[in-house]
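What follows is a single structure, written as structure tokens, with notes after it.
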Amino acid sequence: MLELGHMNLLTVDAVDARGAWLVTGRDGALLPKREIHAALCPGDRVSVFVYRDRTGKTLATLQKPLATLGEFALMRVRQVNAHGAFLDWGLEKDLLVPHKEQPEPMKVGQTHLVKVRLDRQGRPIGTAKIEPLLALPDETIAEGQKVTLIVYQFTPLGAKVIINHRFSGLLYRDEIGHRLKYGDRREGYIRRIRPDGKIDCTLHQGTRDDLAEARAVIMKALHAGQGFLPLHDKSPPAQIQQRLGLSKKLFKKGLGGLYKEGLVTLDEDGVRLKKSP
């Protein structure tokens with residue numbers, strides 16, 4: 001059975017003047033002649049994206065879009081007309097985002113985070129209405145789980161993110177500083193699922209390995225600075241990230257461990273390596 005809006009692994013049934021006819025079971029799609037290479041023969045299997053065009057014909061392409069059905073991606077507006085905005089999503093045919101699917105009017109040259117869905121005729125279209133599409137957490141996610149995060153909005157608390165193309169979560173400001181931007185995609189973890197369904201995320205799992213690495217990074221910086229590091233618990237997250245590549249939370253945890261072990265002293269102007277007696 002063909003999966004519209006997704007990549008499909010199909011078998012070449014025949015090749016003629018129109019292109020290659022690809023099949024799976026009783027379903028089929030046409031790979032246009034312009035995309036066929038000379039070596040393609042009946043019996044070959046190819047990975048293609050399958051969709052319906054405006055006339056209802058089922059077509060295939062060897063090109064892979066920026067997002068398949070149900071996924072979000074950052075796309076640039078190429079054209080706007082009476083039907084809506086047409087966005088570059090990696091295929092020859094642009095993705096239509098109807099005017100009613102735009103929270104604010106799109107303009108040529110802008111980039112927007114868009115989710116791919118199908119219209120009533122099974123043709124791919126996009127929507128930029130993000131939050132109504134995001135679900136409450138279910139059994140598919142759990143605390144500590146590794147997930148994919150896409151930034152879609154900034155608030156005083158931090159960055160709102162799309163989790164696994166399905167749920168809404170938050171990365172707190174003290175962890176990310178100002179190093180993320182709209183549309184950025186990152187690997188992260190579920191820190192906590194609240195009783196009200198809100199999800200807190202983190203870019204670091206917070207395991208012992210992470211803490212050990214943070215301690216090692218701080219000690220290396222101290223030795224490189226002749227025993228002094230001009231950072232402390234009130235330093236801006238962006239400054240800590242730029243100098244050490246650590247989140248402020250991980251920096252404070254690593255620093256706390258070094259202090260408890262008597263390896264460093266904490267002063268108002270920074271951290272100092274404790275001299276051996």
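Among all heavy-atom pairs drawn from L69 and L4, the shortest one is CD2-O, 3.6 Å. Minimum interatomic distance between L66 and M75 (heavy atoms only, all atoms of both residues): CD1-CG, 4.2 Å. Of all non-hydrogen atoms in L113 and V151, the two that sit nearest each other are CD2-O, 3.8 Å. Counting all heavy atoms, side chain and backbone alike, F86 lies closest to L96 at CZ-CD1, 3.7 Å. Of all heavy-atom pairs between D27 and L2, the closest is OD2-N, 3.3 Å. The nearest pair of heavy atoms linking A73 to A67 is CB-CB, 3.7 Å.
Of the inter-residue distances, the one linking E3 atom CD with T24 atom OG1 reads 9.0 Å to the nearest 0.5 angstrom. Of the inter-residue distances, the one linking Y172 atom OH with T202 atom OG1 reads 11.5 Å to the nearest 0.5 angstrom. To the nearest 0.5 Å, the span separating CG on L157 from NZ on K160 amounts to 9.5 Å. In this structure, CZ in R191 is found 9.0 Å from CG in L170, a value given to the nearest 0.5 Å.
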query = Do F228 and L222 pass the side chain to side chain contact (heavy atoms under 4.5 Å, CB included) test, and can you show the C-alpha distance, the side-chain angles, and the key distance before you say yes or no?
reply = CA-CA 5 Å; F228 177 69; L222 282 166; 5.5 Å; no
query = Passes side chain to side chain contact (heavy atoms under 4.5 Å, CB included), L30 versus R18? Steps please.
reply = CA-CA 8 Å; L30 174 65; R18 297 179 61 187; 4.0 Å; yes
ask   = Passes side chain to side chain contact (heavy atoms under 4.5 Å, CB included), V147 versus Y189? Steps please.
value = CA-CA 6 Å; V147 291; Y189 300 88; 5.7 Å; no
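In this structure, R194 pairs ionically with D200, as a charged nitrogen and a carboxylate oxygen lie closer than 4.0 Å. Between D53 and K57 there is no salt bridge, since no side-chain nitrogen of the basic residue lies less than 4.0 Å from a carboxylate oxygen of the acidic one. Between D267 and R272 there is a salt bridge, with a side-chain nitrogen of the basic residue lying less than 4.0 Å from a carboxylate oxygen of the acidic one.
Screening residues 227-246 for salt bridge (Lys or Arg N to Asp or Glu O under 4.0 Å) gives no qualifying pairs among residues at least two apart or on separate chains.
By the criterion of side-chain heavy atoms lying less than 4.5 angstrom apart, applied directly or through intervening Ile, Leu, Val, Met, Phe, Trp or Tyr residues, M106 is grouped together with L95 in one hydrophobic cluster.
By the 4.5 Å heavy-atom criterion applied to side chains, R117 and T127 are counted as neighbours. Side-chain contact between V217 and L246 is present, with at least one heavy-atom pair separated by less than 4.5 Å. Using a 4.5 Å heavy-atom threshold, the side chains of L255 and L266 count as touching.
Within the 3.5 Å criterion, the main-chain N or O of Q239 finds no donor-acceptor partner in the side chain of Q242. Side chain of K248 to main chain of S235: a donor-acceptor pair is present (N/O by atom type, distance under 3.5 Å, no hydrogens or angles). Y152 contributes no side-chain N or O that, together with a main-chain N or O of A159, makes up a donor-acceptor pair within less than 3.5 Å. Between the side chain of Q63 and the backbone N or O of E92 there is at least one donor-acceptor pair closer than 3.5 Å. Judged by distance alone, with hydrogens and angles left aside, the side-chain atoms of H165 form a donor-acceptor pair with the main-chain N or O of F72 at under 3.5 Å. With hydrogens and angles ignored, the 3.5 Å screen pairs a side-chain donor or acceptor of D16 with a backbone N or O of G19. The backbone N or O of G254 lies less than 3.5 Å from no partner atom in the side chain of R215, so there is not a single donor-acceptor pair. In this structure a side-chain-to-backbone donor-acceptor pair under 3.5 Å is missing from Q79 to A85. R123 contributes no side-chain N or O that, together with a main-chain N or O of R52, makes up a donor-acceptor pair within less than 3.5 Å. A donor-acceptor pair under 3.5 Å links the side-chain atoms of E71 to the main chain of T68, judged by distance alone.
Defined by atom type and a distance below 3.5 Å, a donor-acceptor pair is missing between the side-chain atoms of W89 and D94. Checking T140 against R166 by side-chain atom types alone, a donor-acceptor pair falls below 3.5 Å. Between the side chains of S168 and E131, not a single donor N or O lies within less than 3.5 Å of an accepting N or O. Between the side chains of E101 and H99, no donor-acceptor pair is found at a separation under 3.5 Å.
Just one residue in the list N8, D13, V12 forms a side chain to side chain contact (heavy atoms under 4.5 Å, CB included) with L10, and that residue is N8.
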